[in-house]
Amino acid sequence: MSSNEAIARLDAAVSALGDVHVSAWSDETLQDQLGELSAALCALDAVLSRVADEVRARGLRVEEPLAA
């Protein structure tokens with residue numbers, strides 16, 4: 001996968017996650033989905049940590065973009 005394609009896929013994932021609003025879910029829905037939600041969040045955390053660690057291993061920093 002090219003770097004441009006990878007960035008486009010990351011942007012799409014961020015957009016998809018931006019549409020998730022757990023606060024709007026009922027307690028019942030949250031309880032029903034908690035296992036899957038937890039697994040997805042833990043998997044995302046692991047992958048994001050790996051990517052950030054790979055960037056840092058190259059001597060670079062992961063920084064928040066400056067506000068426009």
Side-chain angles (χ1 to χ4, degrees):
M1 170 183 337
S2 74
S3 59
N4 287 341
E5 185 180 6
I7 296 299
R9 290 176 71 178
L10 286 170
D11 286 340
V14 169
S15 178
L17 287 169
D19 292 338
V20 176
H21 298 285
V22 176
S23 62
W25 296 2
S26 69
D27 288 346
E28 182 179 338
T29 299
L30 182 56
Q31 287 292 329
D32 290 345
Q33 299 295 319
L34 190 55
E36 288 182 69
L37 179 62
S38 294
L41 290 172
C42 288
L44 283 167
D45 180 59
V47 172
L48 290 171
S49 293
R50 177 190 55 81
V51 172
D53 289 345
E54 289 177 3
V55 169
R56 291 183 192 107
R58 305 265 310 256
L60 301 169
R61 294 180 58 188
V62 176
E63 299 177 353
E64 288 191 49
L66 298 176

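Only this structure's heavy atoms are used, side chains among them; waters, hydrogens and symmetry mates stay out.
For the side chain to side chain donor-acceptor pair (under 3.5 Å) test, no residue two or more places apart in sequence or in another chain qualifies with Ser38. The side chain to side chain contact (heavy atoms under 4.5 Å, CB included) test applied to Glu5 returns Met1, Ser2, Arg9, not counting sequence neighbours. A search for salt bridge (charged side-chain N to carboxylate O under 4.0 Å, His left out) contacts involving Glu28 returns nothing, not counting sequence neighbours. Every residue was checked against the salt bridge (charged side-chain N to carboxylate O under 4.0 Å, His left out) condition with Glu64, not counting sequence neighbours, and none meets it.
Sorted by first and then second residue, the salt bridge (charged side-chain N to carboxylate O under 4.0 Å, His left out) pairs with a member in residues 31-53 read Arg50-Glu54, Asp53-Arg56; sequence neighbours excluded.
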Would you be so kind as to tabulate the donor-acceptor pairs closer than 3.5 Å made by side chains of residues 11-20, with sequence neighbours excluded?
none

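Both Leu41 and Leu30 are assigned to one and the same hydrophobic cluster, defined by single-linkage of ILVMFWY side chains at heavy-atom distances under 4.5 Å.
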